[in-house]
Amino acid sequence: MKAAFPYMDTIRIPLAAILRALGADVVVPPKPDRQVLNLGVRLAPELMCIPFKLTLGNMVRCLEMGADTLVYVSGSWSCRFGYYGRLQTEILEDLGFRFRLVELRHDRILDACHEVIRLNRSLPRAVLRTVHAFRLGWLKSHSLERIEQMVRETLPSATDPARVRRMSSLALRALDRARTRSQIFKVQRYVEHELKSIARNSLNWIPRVKLVGESYCTLEPFINFDIIRVLGEMGVLADPFLTAHRWLGFHGFRLGKSEVVQARSAARRYWRMCVGGEDENSLGHLVLAAQQGFDGVIHVHPFGCMPGTVVQPAMTMASRDYDIPYLSLSLDEHTSEAGVLTRLEAFVSLLKRRGPGAVRRTQKPAGR
């Protein structure tokens with residue numbers, strides 16, 4: 001089995017480790033670029049969102065690289081994300097590609113187990129390799145979370161942001177190659193040591209921004225124009241509500257439910273039903289960000305995404321009630337980097353004019 005999966009930033013590191021440990025040959029998806037996006041735009045229905053178009057182009061490249069099995073997270077959800085695998089399969093088969101589709105669904109766990117047993121040719125061996133695979137994947141995911149957090153926290157105050165970026169790239173490549181627990185923690189210790197040696201500026205205050213929105217737009221730098229790095233180099237700490245580790249936990253292994261419950265409870269005043277696209281989570285994390293003293297919130301979502309669009313009035317109302325600056329960025333294949341950068345610069349200028357402590361840290365909305 002030569003398995004491939006849609007590319008979504010650093011999630012590829014623990015996912016590839018899990019699949020390799022289960023016995024599959026992994027075709028690592030190519031990093032998204034404009035050529036891959038244009039390919040997906042040409043093949044996809046016009047009104048599909050940009051994550052669909054980009055992952056479709058990505059899967060074409062994987063099949064051209066020799067993949068014979070595509071692995072998708074799937075489900076019967078209100079958002080179209082749950083149907084990506086099936087829709088893209090029909091398009092790819094119409095193009096003449098032949099492959100197997102493996103859907104990872106909560107109601108089809110036995111199908112996934114059967115695939116693992118088939119790979120390992122016996123149940124005992126499959127059990128042992130599964131335990132090892134998920135342990136390795138979890139260790140890499142947990143270490144990845146720590147590394148990315150340290151980089152985010154260092155970037156706004158670093159006098160040499162380029163060095164931080166180079167160190168981060170080297171660490172991620174080393175983490176991807178790591179095969180044992182000791183190698184994984186060696187990479188993490190290296191990052192900790194290197195970041196401590198980076199010279200810092202004399203800023204007395206660093207604005208904190210919560211990044212919320214649709215999963216793919218939040219996680220994939222190619223789509224969001226590397227917004228976390230850009231804000232960091234502007235002297236702003238961007239804290240995404242969703243990371244590779246959290247995505248695997250929430251949507252894969254179903255861990256971390258307490259934070260999901262908190263966000264949904266916080267959103268309940270404005271939003272009674274989740275319709276997909278991380279609408280409820282985004283709104284809830286906006287409210288939590290205000291209560292936790294964040295200085296602003298940025299919402300990234302695909303243009304044409306119904307959940308991301310209809311939740312806008314509620315998010316605007318919540319931002320006004322909690323007196324927290326809010327910026328909405330709608331993204332598609334026509335979005336220009338210059339336009340996004342201009343809006344980010346204006347938003348950061350607003351935050352710095354307001355200064356520290358401007359957000360009301362109340363438990364209840366002001367004026368309600």
Exam field: side chain [X] to backbone [Y], donor-acceptor pair closer than 3.5 Å:
X	Y	answer
Ser143	Lys140	no
Ser349	Glu345	no
Gln188	Ile184	no
Ser265	Val261	no
Arg246	Phe241	yes
Arg269	Ala266	no
Asn58	Pro6	no
Arg272	Arg268	yes
Arg152	Gly232	no
Arg98	Glu93	yes

Practice task
Walk me through it: do Glu278 and Tyr216 pass the test side-chain hydrogen bond (donor to acceptor under 3.5 Å, both in side chains)?
Solution key: CA-CA 10 Å; Glu278 303 291 354; Tyr216 204 94; over 6 Å; no
Point-to-point distance, once rounded to the nearest 0.5 Å, from [atom1] of [X] to [atom2] of [Y]:
X	Y	atom1	atom2	result
Arg129	Leu136	CZ	CG	12.0 Å
Phe294	His285	CZ	NE2	10.0 Å
Cys305	Asp332	SG	CG	12.0 Å
Ile206	Leu351	CD1	CG	13.0 Å
Ser157	Arg200	OG	CZ	4.0 Å

What is the minimum heavy-atom distance between [X] and [Y], and which atoms define it?
X	Y	value
Leu248	Pro14	CD1-CG, 3.6 Å
Thr130	Ala126	OG1-O, 2.6 Å
Cys62	Pro29	SG-CA, 3.6 Å
Leu231	Ala238	CD1-CB, 3.8 Å
Ile298	Leu344	CD1-CD2, 3.8 Å
Pro45	Lys53	O-CE, 3.8 Å

Can you establish whether the number of heavy atoms outside [X] located under 6.0 Å from its atom [atom1] is more than 12?
X	atom1	value
Phe99	CZ	yes
Arg100	CZ	yes
Arg135	CZ	no

Practice task
Walk me through it: do Tyr326 and Arg320 pass the test side-chain contact (heavy atoms from CB on, under 4.5 Å)?
Solution key: CA-CA 9 Å; Tyr326 164 67; Arg320 183 180 65 245; over 6 Å; no
Exercise for the section: Run the numbers on Thr154 and Arg163 for side-chain hydrogen bond (donor to acceptor under 3.5 Å, both in side chains), then give the verdict. Expected result: CA-CA 11 Å; Thr154 302; Arg163 182 183 170 191; over 6 Å; no
Practice task
Dump the intermediate steps for side-chain contact (heavy atoms from CB on, under 4.5 Å) on Trp271 and Val310, then the final yes or no.
Solution key: CA-CA 10 Å; Trp271 203 247; Val310 298; 3.8 Å; yes
Handout entry: Presence of salt bridge, Glu333 and Arg34, under 4.0 angstrom
Key =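 Looking at Glu333 together with Arg34, the answer is no, because their closest N to O distance does not fall below 4.0 Å.
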Problem - Side-chain ion pair, Arg61 and Glu64, N-O less than 4.0 Å - result: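 Salt bridge: yes.
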Handout entry: side-chain contact (heavy atoms from CB on, under 4.5 Å) between Leu329 and Ile227, intermediate numbers included
Key = CA-CA 11 Å; Leu329 295 176; Ile227 189 171; 4.0 Å; yes
Handout entry: Pairs satisfying salt bridge (charged side-chain N to carboxylate O under 4.0 Å, His left out), at least one member in residues 202-228, at least two apart
Key =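 Checked against salt bridge (charged side-chain N to carboxylate O under 4.0 Å, His left out) - neighbours excluded - the pairs reaching residues 202-228 are Lys210-Asp239, Asp226-Arg229.
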Exercise for the section: Report yes or no: do Leu128 and Val131 belong to one cluster of Ile/Leu/Val/Met/Phe/Trp/Tyr joined by side chain heavy-atom distances under 4.5 Å? Expected result: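 Per the 4.5 Å side-chain linkage, Leu128 and Val131 are not co-clustered.
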Handout entry: Phe225 with Val297, same ILVMFWY side-chain cluster at under 4.5 Å
Key =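 As far as the 4.5 Å side-chain criterion goes, Val297 and Phe225 are connected within one cluster.
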Handout entry: Contact list for residues 167-178, test side-chain hydrogen bond (donor to acceptor under 3.5 Å, both in side chains), sequence neighbours left out
Key =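 As it turns out, there is no side-chain hydrogen bond (donor to acceptor under 3.5 Å, both in side chains) pair with a partner in residues 167-178 once direct neighbours are skipped.
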Problem - Chi angles and distances behind the side-chain contact (heavy atoms from CB on, under 4.5 Å) call for Val36, Leu54 - result: CA-CA 7 Å; Val36 170; Leu54 187 57; 4.1 Å; yes
Practice task
Give the C-alpha distance, both sets of side-chain angles, the deciding distance and a yes or no for side-chain hydrogen bond (donor to acceptor under 3.5 Å, both in side chains) between Thr10 and Glu148.
Solution key: CA-CA 10 Å; Thr10 52; Glu148 291 182 328; 2.7 Å; yes
Practice task
For Asp279 and Ser282, test the side chains for any donor-to-acceptor distance below 3.5 angstrom and give the result as yes or no.
Solution key: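 Not at all, the side chains of Asp279 and Ser282 share no donor-acceptor pair under 3.5 Å.
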